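Predicted, not measured: the structure shown is a model, and the values here were computed from it. Note that these values count all heavy atoms, side chains included, but never hydrogens, waters or copies made by symmetry.
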Amino acid sequence: NIDFDKNYATVANMQPVANVKGTEFAKGEVDLITQVSEFFESIGGEVEHPELGTIKLDRKAVKNDIAHGIGRKKAAAFAAVPDVIRNGKILDVQYNWKARGYDTVVVAAPIEFSGQEAIEGVILRKTNKDDSFYLHEVYLEGVSTFKTGANKIGNPSADTPSLISILQKVSDYKEKSPDNV
């Protein structure tokens, strides 16, 4: 059983798990999908989450993520995805997402982005076959500068919060001790 309140408080008060300069995966000769895919391959194409186990990081996931919108900052933040998955806490679980036969799990952790505090969240897709990275988003405290259409992901009803709203909620838990939630 997941203690979401405790996980929110932990994420709000933990040290950044990664430092993103903002220049990673810059535009160049090689397209973004290939750059990020090669980065994921260079670390073995997967990462372990302590509660969820092995999470696949592959080209298909990069394509899915970019299809939901991309900007320079979001592109750079791909660099932190493995660390967020490895060290992040589970903030949301949706079973049988939109009746598509898979579950989604939101894992988030603080990162440093261009010298600013930020919260990065990733959506993982859990299927009978495997668990894989699906989407990431970054919330900079007070301003969401990522023009990605993330607020349109999923059903905006109260029982299915958007990834950005989940990341914004982390700030409500700042200074609350995880033990006192």
task = Please report the C-alpha distance between V84 and V17 in whole Å, then the side-chain angles of each, then the deciding distance to 0.1 Å, and finally whether the side chain to side chain contact (heavy atoms under 4.5 Å, CB included) criterion is met.
result = CA-CA 7 Å; V84 170; V17 300; 4.1 Å; yes
task = Could you tell me the separation between the CG atom of D65 and the CZ atom of F78, rounded to the nearest 0.5 Å?
result = 4.0 Å
ask   = Which pair of heavy atoms, one from A26 and one from Q35, lies closest together, and at what distance?
value = O-NE2, 3.0 Å
Shortest non-hydrogen contact between A80 and I111, atoms and distance = CB-CG2, 4.0 Å
query = Rounded to the nearest 0.5 Å, how far does CG of N19 lie from CD of E112?
reply = 4.5 Å
remark   = For L167 and A108, the nearest pair of non-hydrogen atoms, with its separation, is CD2-CB, 3.9 Å
query = Is a side-chain donor or acceptor of S42 paired with a backbone partner of F39 at a separation under 3.5 angstrom?
reply = yes
query = Is there a path from I2 to V106 through hydrophobic residues (I, L, V, M, F, W, Y) whose side chains come within less than 4.5 Å of each other?
reply = yes
Stepwise side chain to side chain contact (heavy atoms under 4.5 Å, CB included) test for Y8 and I166 = CA-CA 9 Å; Y8 270 100; I166 289 170; 3.3 Å; yes
query = Going by the angle between their ring planes, with limits at 30° and 60°, are F40 and F133 parallel, tilted or perpendicular?
reply = perpendicular
remark   = Between V138 and A118 the two heavy atoms that sit nearest each other are CG1-CB, 3.8 Å
query = How would you list, by chain and number, every residue that makes a salt bridge (charged side-chain N to carboxylate O under 4.0 Å, His left out) with E117, sequence neighbours excluded?
reply = K174
inquiry  = Under 4.5 Å between side-chain heavy atoms, counting indirect links through other Ile/Leu/Val/Met/Phe/Trp/Tyr residues: same cluster for V20 and I43 or not?
reply    = yes
task = Calculate, to the nearest 0.5 Å, the distance between atoms NE2 and OG1 belonging to H49 and T54 respectively.
result = 12.0 Å
Minimum heavy-atom distance G22-R72, with the two atoms named = O-NH1, 3.9 Å
inquiry  = Testing K126, K56, R125 one by one against D131 for a side-chain hydrogen bond (donor to acceptor under 3.5 Å, both in side chains), which residue passes?
reply    = K126
query = Do Y173 and D5 have a side chain donor and acceptor closer than 3.5 Å?
reply = yes
key: Connected via hydrophobic side-chain network under 4.5 Å: V93 and L91   = yes
task = Could you go through the side chain to side chain contact (heavy atoms under 4.5 Å, CB included) check for D83 and E120 one step at a time?
result = CA-CA 10 Å; D83 291 316; E120 183 160 347; over 6 Å; no
message = If I take atom NZ from residue K74 and atom CZ from residue F25, how far apart are they, to the nearest 0.5 angstrom?
response = 13.5 Å
key: L124 and its side-chain contact (heavy atoms from CB on, under 4.5 Å) partner, picked from D103, I90, T104, I55   = I55
task = Hey, could you give me the CZ/CD distance between R59 and E38, rounded to the nearest 0.5 Å?
result = 8.0 Å
Derivation and outcome, side chain to side chain contact (heavy atoms under 4.5 Å, CB included), residues H68 and Y134 = CA-CA 10 Å; H68 285 90; Y134 178 65; 3.0 Å; yes
note = CD1 of I119 to CE of M14, rounded to nearest 0.5 Å, is 9.0 Å
inquiry  = I need the minimum non-hydrogen distance between I70 and A75, along with the two atoms involved.
reply    = CD1-N, 3.8 Å
